[in-house]
2 protein chains.
Amino acid sequence: MADTPGKARSSRYRDIAARLQKDIRLGTYAVGNLLPTETELMASYKASRQTVREALRILIEQGLIVRRAGLGSVVIAAEPPVLFTHSVKSLGEWLRYSNETYRDVVQSGDIVADRKLAAHLKCEPGKSWFLIEAVRRSDQFAAPLGWTEIYVLRKFADVVKRSDHGRTPVHEQITKMYGQVTEHAQMEIFVRGMPAPIAKALGVKTGSPALTVVRRYYGQREELFEVTITTHPEGRYTYTMDMQRSQRPRL
Amino acid sequence: MADTPGKARSSRYRDIAARLQKDIRLGTYAVGNLLPTETELMASYKASRQTVREALRILIEQGLIVRRAGLGSVVIAAEPPVLFTHSVKSLGEWLRYSNETYRDVVQSGDIVADRKLAAHLKCEPGKSWFLIEAVRRSDQFAAPLGWTEIYVLRKFADVVKRSDHGRTPVHEQITKMYGQVTEHAQMEIFVRGMPAPIAKALGVKTGSPALTVVRRYYGQREELFEVTITTHPEGRYTYTMDMQRSQRPRL
DNA sequence: TTCGAATATTTATACGGACAAATTGTCTCG
DNA sequence: CGAGACAATTTGTCCGTATAAATATTCGAA
């Protein structure tokens, strides 16, 4: 009962905003058209410019209009767009690994992408990467949680030398060491039969059900700088995600 | 080159905002403490109240402060919180099913949750649900994409009678028919061996790799009103998701 | 000491005015 | 017809002032 009709304290500019919202919703001011100018609104609502502008600010926040000097207030939506958002404070949270897990590096070295790997990595065949192979383990259980292949640009190869390497997501280490920040990330989840080499490393049967998660990290100009491929045996990993109906993510 | 240093046109209030941001970041105004009052800022920056307030508005939008009448401006963060957000305009988009897929209902009827089902549905054992079982198919391929179990509250059972039933997400149909809106949704993805009954229906081997996706839809007061469990054979479904670094989701 | 009323402080809302900057349209000149 | 100068319109920025509402503080009474 704290977020439902009745909450909004009354005030002049809120009233004006509400009436404009209604007019937009009902089509009096259609999408693509202009709202009346500030001067006109001042006259029709008998309010000061400050008050009118405060009302229009609400419409901007709701994503109903955009305003530009010399042009006016353009209606861009008839209703506040409903959005479902999922937000995390760090991509580590996104992965949903608890702090009790860590990576146990098996080996690392340079590798050149063949046609198949290039497809997974969404890069051109022949491109060089630095590959880190590791087993993800938990402090709590003896059995490994999964197998991780981490591909990073060769210039970032030194991340393996960091003391916190096994406990921190590699993309965060790259940010700390080289200033490369993640602007955008992508995840793919699919199921496959467990490949033989990974099966051997994890101690499960080849061809048994495996969950594979591919994560791609992009920098400033959509530059792909890291890809991780994680493969989990049955029962060792569940991905969960929540979405909230809202226009802005909750902090 | 359109979102990097240099973009911000200079103006009085932006300058003040920038200096306050810096002071907050450097700890001059620590988290939990109060910023100077509007009157003090007017004096120290030789600006009008309007200008000072405009500057403070920027800090609010960045999530650095909250303001309350009679109290002041409380610093709540030293830096704009970095958020990674994933947003969709409708939960149908979230599912990533293209429009060329549809549900082919096999059977439907009432069911009472036993202990095991109650765990999946996160409800008390003994609760009644209306279950719709269907095969998800594509216009393009002969092979079925997966098996779907849809559990809805019994009062919503009539959704199966809708003509568009097979082509529209059930939670949207419930919204249209009963006004029940989704405020919050949850997804779980894991791998398991294909259960025998589903294997039979889909024409694949029992125990072969299967991707299972559980989606829970919650209404106004966290009331769970629909759960769907979808099971896909290997190679028939890949879940993908993008996340953007931003404080607010892109419309 | 504790509770409540009165007081002080601070932001919220609202009015007025002025000039700058951005955009569009018009007009003139070649 | 096209380019550039000019004018008109509209929002952006900034100043001043006043009153209301929300919160914190002070102080008196029980």
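Here is how names work: the chains are called A, B, and so on, in the same order as the sequence lines, proteins then strands, and each is numbered from 1. The shown structure was predicted, so the numbers you read here are calculated from the model rather than taken from an experiment.
Contact check, A/Thr51 against C/dC15: a side-chain N or O comes under 4.0 Å of OP1 or OP2. Regarding contacts with the backbone of C/dT11, every side-chain N or O of B/Arg68 stays at 4.0 angstrom or more from both OP1 and OP2. Contact annotation: A/Arg67 reaches the phosphate of D/dG12 (side-chain N/O to OP1 or OP2, under 4.0 Å). For D/dT10, the OP1/OP2 oxygens have no side-chain nitrogen or oxygen of A/Arg49 closer than 4.0 Å. Side-chain nitrogen and oxygen atoms of A/Arg53 include at least one within less than 4.0 Å of the OP1 or OP2 phosphate oxygen of D/dG12.
The OH atom of A/Tyr13 sits 17 Å away from the P atom of D/dA20 (whole-angstrom rounding). The distance between atom CG of A/Leu41 and atom P of D/dT10, rounded to the nearest whole Å, is 11 Å. Atom CG of A/Leu34 and atom C1' of D/dT9 are 12 Å apart (whole Å). Between the CD atom of B/Gln50 and the P atom of D/dG12 there is a distance of 12 Å, rounded to whole Å. The interatomic distance linking B/Met42 (CE) with D/dG16 (C1') rounds to 9 Å, in whole Å. In this structure, CG of B/Leu56 is placed 15 Å from C1' of D/dC14, rounded to the nearest angstrom. Rounded to whole Å, atom P of C/dT9 lies 12 Å from atom CD of B/Glu40. One can place OH of A/Tyr45 at 17 Å from C1' of C/dA14, the figure rounded to the nearest angstrom.
A/Ser138 places a side-chain N or O within 3.5 Å of a backbone atom of A/Gln140 that can act as its donor or acceptor partner. A donor-acceptor pair under 3.5 Å links the side-chain atoms of B/Thr175 to the main chain of B/Gln180, judged by distance alone.
Heavy-atom nearest nucleotides on DNA chain D were determined for B/Ala47 and for B/Ala69, and the one closer to the 5' end corresponds to B/Ala47. DNA chain C is contacted by both B/Glu38 and A/Leu71; B/Glu38 maps to the nucleotide lying nearer its 5′ end (nearest heavy atom per residue). Toward the 5′ end of DNA chain C lies the nearest nucleotide of B/Pro36, the other residue of the pair A/Val52 and B/Pro36 mapping further downstream.
Between A/Phe225 and A/Phe156, the ring planes are perpendicular. Angles over 60° get that label, and only those under 30° would be called parallel. Using the six-membered ring where Trp is involved, B/Phe190 and B/His120 have ring planes that are parallel, under 30° apart on the 30 and 60° scheme.
Across C/dT13, C/dT11, D/dG16, the shortest atom-to-atom separation from the side chain of B/Thr37 is found for C/dT11.
By the neighbour-count criterion of 12 heavy atoms within 6.0 Å, atom CZ of A/Arg154 is sparsely surrounded, having that number or fewer from other residues, nucleotides or ligands.
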